[in-house]
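Here's the structure, in structure tokens; my notes come after.
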2 protein chains.
Amino acid sequence: MSTKQSKNNLYLTTFTQHIGAKGLTEVTENANDPRIVRTMHMLREALLELMEEHGFERITVKDITSKAGLNRGTFYLHFADKFDLLERITEDMMQGLRKIAQTFDPLDLVMHESRDTPFPFTVRLFEYFGKHARFFSVMLGPKGDPAFSVKFKEFMQVHLMDKFNEFHYSDDRMPVPWDYLMAYLISAHLGIVQYWLEQGRDYTPWDIALMFTRMTQLSPIQSAGLKK
Amino acid sequence: MSTKQSKNNLYLTTFTQHIGAKGLTEVTENANDPRIVRTMHMLREALLELMEEHGFERITVKDITSKAGLNRGTFYLHFADKFDLLERITEDMMQGLRKIAQTFDPLDLVMHESRDTPFPFTVRLFEYFGKHARFFSVMLGPKGDPAFSVKFKEFMQVHLMDKFNEFHYSDDRMPVPWDYLMAYLISAHLGIVQYWLEQGRDYTPWDIALMFTRMTQLSPIQSAGLKK
DNA sequence: CCCTAAAATGAACTTTGTGTTGATTAATGA
DNA sequence: TCATTAATCAACACAAAGTTCATTTTAGGG
């Protein structure tokens with residue numbers, strides 16, 4: 001009773017260790033705590049690995065925690081469910097993209113397109129994709145989340161395409177409606193990102209960015225170098 | 001015992017009413033039986049409606065059958081699980097696409113592109129998308145299945161793009177690698193389909209097909225009619 | 001080094017959906 | 001009319017979800 005220095009903290013044990021399936025982001029965790037950092041990292045990595053293999057749909061919380069080597073209860077200490085986890089990862093990545101987007105200047109583009117050099121902003125984006133290749137590769141791939149592709153497109157729309165709104169004529173003078181042209185270009189660029197990741201990044205960000213410059217200036221037929 | 005004409009079929013009751021979670025497509029049903037036709041139809045419609053609302057991931061077999069007004073057991077009479085159901089619907093739609101693809105002739109394209117008229121093959125495709133708008137709209141949208149987008153791209157690759165392989169120069173003479181150009185174009189076209197469905201089909205198949213013709217011939221900058 | 005706050009663990013429990021089974025009822029079509 | 005077969009119903013074992021609480025482990029400031 002005295003040798004073991006007793007349990008004098010019995011009446012002061014931990015409160016509210018739990019998140020609750022509803023209160024999704026009401027958590028104010030100490031993000032500096034190395035235990036939390038580690039846990040988060042393990043869970044994120046485990047989720048991406050499992051998604052790569054089976055797709056988000058087929059994964060259970062049990063799978064995630066056992067791959068992460070953590071207790072299932074620990075998961076619920078931080079996230080309401082697997083959707084919550086995915087959202088948090090996604091939001092972080094989008095933050096990263098938005099930060100890069102701040103450096104974007106449309107006038108820069110005009111300068112570079114006339115001299116067959118890649119647009120530096122595009123290079124920076126691809127460097128980011130490369131840095132987080134696993135995430136983007138999974139999320140934009142066949143096992144990924146189609147809602148993320150939409151998010152990504154919205155990002156391009158707002159941060160890139162909308163900057164050029166002022167430069168085009170009124171709709172009746174255009175060969176193709178403005179909004180359809182935007183849909184075309186955004187999806188085309190997304191397609192390049194997907195293909196590049198799929199191929200294991202066989203070109204440098206610089207090379208890819210140069211392709212963008214060229215494909216924007218040439219018609220598809222010219223880009224193909226088709227024999228007539 | 002005699003008034004009710006008895007149960008003389010007791011020893012001949014139905015065998016193997018069930019599919020089994022593994023034997024996915026081992027079923028040889030009489031697809032003409034109106035009961036089956038009706039059941040299939042109800043299940044398909046229910047699935048699409050629910051996907052539109054909550055996405056495939058959030059749906060349970062219970063949801064599907066209760067929306068379809070059927071017994072849950074009936075579902076398992078025809079499908080192993082919800083994935084199986086989705087696959088069957090998808091396969092049917094792809095069949096429809098392949099059938100249209102048979103009518104494709106690349107030489108046709110050369111004829112039409114020089115006179116600013118839509119490519120009839122493209123018109124036919126969009127008529128099909130329109131006819132099955134709910135399916136394509138859901139599956140290619142944010143609540144859909146990213147694997148289907150990939151399937152769809154492969155379809156375009158095989159049935160459209162590969163036909164032009166012979167017409168291009170060797171890679172070192174091209175402004176952009178051939179495979180990247182294909183990824184760009186395929187994704188761009190997919191994007192138009194998605195956008196068109198999203199907008200509630202605000203143009204006719206003919207109009208959309210004409211946009212394709214033009215965007216293939218003009219550079220994005222020309223398509224935009226950008227002020228210099 | 002010790003001690004406290006907080007994170008992680010482990011075990012139990014309820015609930016919900018799954019996939020299966022066998023018996024019964026209802027519809028089809030020859 | 002009647003044999004066949006689809007659909008229904010009720011019951012089952014099972015797996016994972018989400019929650020709770022007591023206990024153990026860890027981090028880091030005094």
Side-chain angles (χ1 to χ4, degrees), chain A residues 4-24 27-43 50 54 56-85, chain B residues 4-24 27-43 50 54 56-85:
Chain A
K4 284 236 164 200
Q5 270 177 7
S6 79
K7 311 285 183 185
N8 60 347
N9 57 342
L10 259 184
Y11 56 96
L12 265 179
T13 35
T14 49
F15 280 114
T16 57
Q17 266 209 358
H18 202 256
I19 265 200
K22 285 97 202 163
L24 288 170
V27 217
T28 1
E29 284 154 341
N30 182 5
N32 303 323
D33 192 318
R35 291 171 293 182
I36 293 185
V37 173
R38 182 181 166 281
T39 298
M40 294 302 202
H41 182 254
M42 301 303 278
L43 289 176
L50 287 168
H54 311 110
F56 187 67
E57 166 81 49
R58 303 274 192 174
I59 298 175
T60 69
V61 172
K62 210 163 175 276
D63 295 336
I64 299 171
T65 51
S66 68
K67 165 143 287 188
L70 297 172
N71 191 281
R72 195 166 64 88
T74 308
F75 180 94
Y76 290 105
L77 247 39
H78 299 282
F79 305 101
D81 48 35
K82 62 174 179 168
F83 301 94
D84 194 23
L85 170 58
Chain B
K4 284 238 165 200
Q5 266 178 10
S6 80
K7 311 284 184 184
N8 61 346
N9 57 343
L10 259 183
Y11 57 97
L12 266 180
T13 35
T14 49
F15 280 115
T16 58
Q17 265 210 357
H18 202 255
I19 265 199
K22 285 96 201 162
L24 288 171
V27 216
T28 0
E29 283 154 343
N30 182 3
N32 302 323
D33 193 318
R35 291 172 294 184
I36 294 186
V37 173
R38 182 181 166 280
T39 298
M40 294 302 202
H41 182 253
M42 301 303 278
L43 289 176
L50 287 168
H54 311 111
F56 187 68
E57 166 81 49
R58 302 274 193 174
I59 297 176
T60 70
V61 172
K62 210 163 174 275
D63 295 336
I64 299 171
T65 50
S66 67
K67 164 143 288 188
L70 297 172
N71 191 281
R72 194 167 65 89
T74 308
F75 180 94
Y76 291 104
L77 246 40
H78 299 283
F79 305 100
D81 48 35
K82 62 174 181 169
F83 301 95
D84 194 23
L85 170 57

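A note on names: the letters A, B, ... follow the listed sequences, proteins ahead of strands, and every chain is numbered from 1. What you see is a predicted model, and the numbers here were worked out from it, not measured in a lab.
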Side-chain heavy atoms of A:M40 within contact of A:F79, under 4.5 Å: yes

For the pair made of CG in B:D81 and C1' in C:dG19, what is the distance, rounded to whole Å? 10 Å

Ignoring hydrogens and angles, answer whether the base of D:dT26 and the side-chain atoms of A:R35 contain a donor-acceptor pair closer than 3.5 Å. yes

Nearest to side-chain heavy atoms of B:L77, which nucleotide of D:dG18, D:dA7, C:dT20: D:dA7

Taking the side chain as every heavy atom from C-beta outward, state whether A:V61 and A:Y76 have any pair of such atoms under 4.5 Å apart. yes

Separation of D:dG18 P from A:I64 CD1 (nearest whole Å): 11 Å

A:H78 side chain near C:dA8 phosphate (N/O to OP1/OP2, under 4.0 Å): yes

Would you mind reading off the distance between B:M40 atom CE and D:dA7 atom C1', rounded to a whole angstrom? 13 Å

Which one, D:dG18, C:dG19, C:dT28, comes nearest to the side chain of B:Y76? C:dG19

Whole-Å distance separating the CD1 atom of B:I36 from the C1' atom of D:dT4: 12 Å

Does B:I59 or B:D33 map to a spot on DNA chain C nearer the 5' end, using the closest nucleotide for each? B:I59

For D:dG18, does the base pair up with any side-chain atom of A:R72 as donor and acceptor (N or O, under 3.5 Å, distance only)? yes

Can you tell me which nucleotide in D:dA17, D:dT8, C:dT18 comes closest to the side chain of B:L70? D:dT8

So, is A:T60 close to the D:dA16 phosphate, meaning a side-chain N or O under 4.0 Å from OP1 or OP2? no

Students often get this wrong, so: under 4.0 angstrom with heavy atoms, is B:N71 touching a base, only sugar-phosphate, or nothing? base

Between P of C:dT16 and NZ of B:K62, the distance in whole Å: 9 Å

